[in-house]
A.B. asks: 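This is the structure I want to talk about, given as structure tokens.
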Amino acid sequence: MRTYAGHSTAAASNALFRTNLSKGQTGLSVAFDLPTQTGYDPDSSLARGEVGKVGVPVPHLGEMRRLFAGIPLAEMNTSMTINATAMWLLALYQVVAEEQAGVPDGQADPAEVAARLAGTTQNDIIKEYLSRGTYVFGPEASLRLTADVIAYTVNAVPKWNPINICSYHLQEAGATPTQELAYALCTAIAVLDRVRDSGQVAPEDFGRVVGRISFFVNAGVRFVEEMCKMRAFVQLWDEITRERYGVEDAKMRRFRYGVQVNSLGLTEAQPENNVQRIVLEMLGVTLSKDARARAVQLPAWNEALGLPRPWDQQWSLRLQQVLAYESDLLEHEDLFAGSHVVEAKVAALVEGARAEMDRVQAMGGAIAAVESGYMKSELVSAHAARRARIESGDEVVVGVNRFTSTEPSPLTADLDAAIQTADPAAEAAALESVRAWKEQRDEAGVTEALAALAAAAKTDENLMTATLAAARAGATTGEWAQALREVFGEFRAPTGVAGAVGAAAAGTELTAVRERVQATGEEVGGPGARLRLLVGKPGLDGHSNGAEQVAVRARDAGFEVIYQGIRLTPEQIVAAAVAEDVHCVGLSILSGSHMELVPAVLEGLHAAGADDVPVVVGGIIPDSDARALLERGVAAVYTPKDFGLTEIMGGIVEVVRAAQGLDPRP
């Protein structure tokens, strides 16, 4: 039983971990901030506004010590949501465990300490190109790092799960159950093939590699479909590991997974409804014993509003404890064995997944399907179809598009108090931490360790040894990543927008908006001219699903859309707005850095003489922040309650008309 936690500073997160453990939590699930996830130190220009927002900053060994102070790592089970920098964070974690055990003083054998460590590094880089966006290097170099971690842990840290294959984020990006099955399993095949072909694990030990692979899945509110999806996962994984990899031991072929239930379906409108959604989703991965989750972490009821408070996390933990200790769900054999309905649904999902897997494998596998943009376009299209069903009312979301009348909720009577506020001093504390750390370390030793890491990266040797040496020497997260950037280069993944299928047919509302877009474009620029909308993702927030859907719907509404993908500086967005002579800039930020990054864009436009270009903002933005942004000059703020994309397009047209001094309606 876990809650996903970490924010502001290592010391604050440590206090939260201790509190959660005292309440009966049985493992830790660590959220790292975006600079840590993408390989930047807090003093990087790209880290501006992002430090401590969506997780805890860990720029060096000293902060990892603070994060786990008083928590014996050799006795703990820790899940770390970390991908591109997974090797580095695992190294820091292992070194802290060694220090706790007294390895530096000769009181313990480092090999024995490593053998006791239990936990998980997420480490699924392929889904980062498709959903979360916290990749650093290109697919091939990233896959090498993943394979090196797997080989190292299988040989030296045998209780560690070196990778979570994450179908969770695929569903958040719009995947259907069939796509979720197919793309997750194709990712697993790509990873296992790479480890096998690297020769780092003896063929007779390859079953142990398969046995350490775990999955991290999503459970949506469609209970029967989600439960059958998990049974399909079990069946397909057993087939793949037996037939493709020749694993005879049934225990090693077991489909082991943890789950975070669906956050995509959590609503800002009537957020109290999220509690029953979370319970139904939890049941989907616990009722079926033959496909039951090994670890469950639940979101909080208010995640669509902002950062959950400790009380909200406690509520989610109590949901699990009631199920486990008050109900009789865990006392019986599988409740669905022999069900004709379940068997038919599982068979259909298996058939569909096999067909999609065959398509991906025919392209050359998951890496090729990422580089070509195929999987990304399929996910963007599936997400667009889902949005269209919600907007049309074909897919009901209670409190959003049906049953919208409501009594005032005591939970949201004070919205500013209904969420946790990130410590505004966290960034300054992190900057000081890095400064002080560098001042006391042995610079020559760090330089030597980083040079050895870069040299190793140019060979085929496992990079974990050089990474551990860099951690012990005192290198920082940004320095480790930069050493590898200089060898591997960086990468920008396909956005999937150009090839995505948007609205299948324009209804009355979209047709009306399209006519307004066309008329306004011609009023502004003359016959045949089109309105140009720049959709920008400033900062390190890689959750691009919303931005992609806005870009696709804007294209369907007749805008000329400029969308360059994730991880842009405010300066780059301003430069693109000026170069493309756009009529509106739309910024999407879900990481909580809107109060730093949006004003930077506004100031940049002013400096460039483009004050007349209106800026609209979308994201998880508390009411008080929305009011502040409007006062700073933002033309409109959209949050998850504004689910009607076509209505948003209409609003953008009106914003453009106001900025151009035109009548409100064409």
A.B. asks: For the residue pair Phe215 and Trp237, does the interplanar ring angle fall in the parallel (under 30°), tilted (30 to 60°) or perpendicular (over 60°) class?
C.D. replies: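 Rings of Phe215 and Trp237: perpendicular, over 60°.
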
A.B. asks: Would Gln37 and Tyr135 count as a side-chain hydrogen bond (donor to acceptor under 3.5 Å, both in side chains) if you check the C-alpha gap in whole Å, the side-chain angles of each, and the deciding distance to 0.1 Å?
C.D. replies: CA-CA 8 Å; Gln37 292 187 52; Tyr135 56 83; over 6 Å; no

A.B. asks: For Ser131 and Glu128, indicate whether the former's side chain and the latter's backbone hold a donor-acceptor pair under 3.5 Å.
C.D. replies: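 Flag not set: sc Ser131 to bb Glu128 has no pair under 3.5 Å.
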
A.B. asks: Any side-chain to backbone donor/acceptor pair from Thr9 onto Ala12? Under 3.5 Å, distance only.
C.D. replies: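 Side chain of Thr9 to backbone of Ala12: a pair is present.
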
A.B. asks: When you compare the side chains of Thr36 and Asp33, does any donor N or O come within less than 3.5 Å of an acceptor on the partner?
C.D. replies: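 Present: a donor and an acceptor within the cut-off.
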
A.B. asks: Does any pair with a residue in residues 163-175 pass salt bridge (Lys or Arg N to Asp or Glu O under 4.0 Å), and if so which ones, sequence neighbours excluded?
C.D. replies: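 Listed by first then second residue: nothing to list.
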
A.B. asks: Do any pairs count as a salt bridge (Lys or Arg N to Asp or Glu O under 4.0 Å) and have a residue in residues 447-472, sequence neighbours left out, and if so which ones?
C.D. replies: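 Only Glu98-Arg472 qualify under salt bridge (Lys or Arg N to Asp or Glu O under 4.0 Å).
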
A.B. asks: Nearest 0.5 Å, what's the OG1-CD1 distance between Thr146 and Ile126?
C.D. replies: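 Taking OG1 in Thr146 and CD1 in Ile126, the distance rounds to 8.0 Å.
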
A.B. asks: In sequence, state the C-alpha distance, the side-chain angles, and the governing distance for Asp205 and Val154, and then conclude on side chain to side chain contact (heavy atoms under 4.5 Å, CB included).
C.D. replies: CA-CA 9 Å; Asp205 291 333; Val154 166; 5.7 Å; no

A.B. asks: Do you know which two heavy atoms are closest between Pro162 and Arg212, and how far apart they sit?
C.D. replies: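 Pro162 and Arg212 have their closest heavy atoms at CD-O, 3.4 Å.
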
A.B. asks: Between Thr467 and Trp480, is a side-chain hydrogen bond (donor to acceptor under 3.5 Å, both in side chains) present by the stated rule, with each step listed?
C.D. replies: CA-CA 8 Å; Thr467 294; Trp480 176 85; 3.0 Å; yes

A.B. asks: Nearest 0.5 Å, what's the CG-CD distance between Leu130 and Glu378?
C.D. replies: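 The CG atom of Leu130 sits 11.5 Å away from the CD atom of Glu378.
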
A.B. asks: Check whether the ring centres of Phe68 and Tyr93 lie less than 6.0 Å apart, and answer yes or no.
C.D. replies: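 Between Tyr93 and Phe68, which both carry aromatic rings, the centre distance is below 6.0 Å.
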
A.B. asks: Can you see which heavy atom on Pro308 is nearest to which on Gln313, and at what distance?
C.D. replies: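 Closest pair (atom of Pro308, atom of Gln313, distance): CB-CG, 4.5 Å.
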
A.B. asks: Please tell me whether Ser591 and His543 have a donor and an acceptor in their side chains that are separated by less than 3.5 angstrom.
C.D. replies: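 Result is no, nothing qualifies.
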
A.B. asks: Determine the minimum heavy-atom distance between Ala473 and Gly445, stating which atoms define it.
C.D. replies: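 Heavy-atom minimum between the residues: CB-O, 3.9 Å.
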
A.B. asks: After noting the C-alpha distance and the side-chain angles of Arg66 and Glu63, does the key distance pass the salt bridge (Lys or Arg N to Asp or Glu O under 4.0 Å) rule?
C.D. replies: CA-CA 5 Å; Arg66 291 188 184 96; Glu63 292 300 328; 2.6 Å; yes

A.B. asks: Could you check whether atom CZ of Arg196 has more than 12 heavy atoms from other residues, nucleotides or ligands sitting under 6.0 Å from it?
C.D. replies: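 Yes, the 6.0 Å shell around CZ holds more than 12 heavy atoms from other groups.
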
A.B. asks: Determine, using ring centers only, whether Phe206 and Tyr245 are less than 6.0 Å apart.
C.D. replies: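 Ring-ring flag for Tyr245/Phe206: true, centres closer than 6.0 Å.
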
A.B. asks: Once rounded to the nearest 0.5 Å, what's the spacing between atom CD1 of Ile150 and atom CG of Leu192?
C.D. replies: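 One finds 7.0 Å between CD1 of Ile150 and CG of Leu192.
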
A.B. asks: Would you say the side-chain atoms of Asn462 pair up with the backbone N or O of Asp148, donor to acceptor, closer than 3.5 Å?
C.D. replies: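 Yes, Asn462 side chain to Asp148 backbone: donor-acceptor pair under 3.5 Å.
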
A.B. asks: How about Gln122 and Ile82: do any of their side-chain heavy atoms sit closer than 4.5 Å?
C.D. replies: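 Result no, sub-4.5 Å side-chain heavy-atom pair not found.
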
A.B. asks: Distance alone, cut at 3.5 Å: any donor-acceptor contact between the side chains of Thr476 and Glu479?
C.D. replies: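 Looking only at side-chain atoms, Glu479 and Thr476 do form a donor-acceptor pair, the distance falling under 3.5 Å.
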
A.B. asks: Is there a side-chain hydrogen bond (donor to acceptor under 3.5 Å, both in side chains) between Thr38 and Arg567? Walk through the geometry before answering.
C.D. replies: CA-CA 10 Å; Thr38 51; Arg567 214 179 300 169; 5.3 Å; no

A.B. asks: Does the separation of the ring centres of Tyr257 and Phe255 fall below 6.0 angstrom?
C.D. replies: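 Yes, ring centres under 6.0 Å apart.
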
A.B. asks: So how far is it from Arg132 CZ to Asp124 CG, rounded to the nearest 0.5 Å?
C.D. replies: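 Between Arg132 CZ and Asp124 CG, I get 10.0 Å after rounding to 0.5 Å.
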
A.B. asks: Do Ile566 and Asp541 have side chains that approach each other closer than 4.5 Å (heavy atoms only, starting at C-beta)?
C.D. replies: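 No, every pair of side-chain atoms sits at 4.5 Å or beyond.
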
A.B. asks: Any side-chain heavy atom of Val113 within less than 4.5 Å of one from Gln100?
C.D. replies: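 No, every pair of side-chain atoms sits at 4.5 Å or beyond.
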
A.B. asks: Closer than 3.5 angstrom, by distance alone: can the side chain of Asn218 be matched with the main-chain N or O of Gln171 as a donor-acceptor pair?
C.D. replies: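 No, because the side chain of Asn218 does not come within donor-acceptor range (under 3.5 Å) of the backbone of Gln171.
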
A.B. asks: Would you mind reporting whether Gln200 and Val195 have side-chain heavy atoms less than 4.5 Å apart?
C.D. replies: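 Val195 vs Gln200: side chains apart.
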
A.B. asks: Please work out which of the three classes, parallel, tilted or perpendicular, describes the rings of Phe216 and Tyr168, given edges at 30° and 60°.
C.D. replies: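 Tilted, since the angle between the ring planes falls between 30° and 60°.
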
A.B. asks: Mind listing the closest non-hydrogen atom pair of Ser372 and Ala369 along with its distance?
C.D. replies: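 It is OG-O, 3.4 Å.
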
A.B. asks: Mind listing the side-chain donor-acceptor pairs of residues 353-366 below 3.5 Å, one per line with the distance, residues two or more places apart or on another chain?
C.D. replies:
residue: Arg354; atom: NH2; partner: Glu239; partner atom: OE1; Å: 2.9
residue: Arg354; atom: NH2; partner: Glu239; partner atom: OE2; Å: 2.7
residue: Glu356; atom: OE1; partner: Arg359; partner atom: NE; Å: 2.7
residue: Glu356; atom: OE1; partner: Arg359; partner atom: NH2; Å: 2.6
residue: Glu356; atom: OE2; partner: Tyr183; partner atom: OH; Å: 2.7
residue: Glu356; atom: OE2; partner: Tyr374; partner atom: OH; Å: 2.7

A.B. asks: For Asn20, is there any backbone N or O sitting under 3.5 Å from a side-chain donor or acceptor partner on Gln25?
C.D. replies: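 Judged by distance alone, no pair lies under 3.5 Å.
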
A.B. asks: Supply the atom-to-atom distance Glu180 CD to Leu170 CG, rounded to the nearest 0.5 angstrom.
C.D. replies: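 Result: 6.5 Å between the selected atoms.
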
A.B. asks: After noting the C-alpha distance and the side-chain angles of Lys127 and Asn83, does the key distance pass the side-chain hydrogen bond (donor to acceptor under 3.5 Å, both in side chains) rule?
C.D. replies: CA-CA 10 Å; Lys127 63 93 175 50; Asn83 297 280; 2.8 Å; yes

A.B. asks: With a 4.5 Å limit on heavy-atom distance, are the side chains of Lys229 and Val346 in contact?
C.D. replies: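 A side-chain contact under 4.5 Å is absent here.
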
A.B. asks: Identify the heavy atoms of Leu46 and Leu540 that sit nearest to each other, and give their distance.
C.D. replies: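 Shortest heavy-atom separation between Leu46 and Leu540 comes out as O-CG, 3.4 Å.
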
A.B. asks: Quick one: are Leu298 and Gln260 in side-chain contact, heavy atoms under 4.5 Å?
C.D. replies: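 Not touching, per the 4.5 Å side-chain cut-off.
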
A.B. asks: Set out, in order, the CA-CA distance, both residues' side-chain angles and the distance that settles salt bridge (Lys or Arg N to Asp or Glu O under 4.0 Å) for Arg194 and Glu140, then state yes or no.
C.D. replies: CA-CA 10 Å; Arg194 182 60 179 258; Glu140 284 295 337; 3.0 Å; yes

A.B. asks: Might you point out which heavy atoms bring Ile189 and Ile240 nearest each other, and give the distance in Å?
C.D. replies: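 Residues Ile189 and Ile240, closest heavy atoms: CG1-CG2, 4.1 Å.
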
A.B. asks: Counting distance only, does the side-chain N/O of Asp334 pair as donor-acceptor with the main-chain N or O of Lys289 below 3.5 Å?
C.D. replies: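 Present.
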
A.B. asks: May I ask you to test the Leu67-Val30 pair for a side-chain heavy-atom distance under 4.5 Å?
C.D. replies: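 A side-chain contact exists here, since the closest heavy-atom pair is under 4.5 Å.
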
A.B. asks: Find out whether Asn14 and Ile71 are in side-chain contact, i.e. whether some heavy atom of one side chain is under 4.5 Å from a heavy atom of the other.
C.D. replies: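 Answer yes - side chains close enough.
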
A.B. asks: Can you list the steps and then say if Asp238 with Arg254 is a salt bridge (Lys or Arg N to Asp or Glu O under 4.0 Å)?
C.D. replies: CA-CA 7 Å; Asp238 187 75; Arg254 181 183 299 157; over 6 Å; no

A.B. asks: Measure the CE-OG1 distance between Met87 and Thr153 for me, rounded to the nearest 0.5 Å.
C.D. replies: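 Rounded to the nearest 0.5 Å, the CE-OG1 separation comes to 10.0 Å.
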
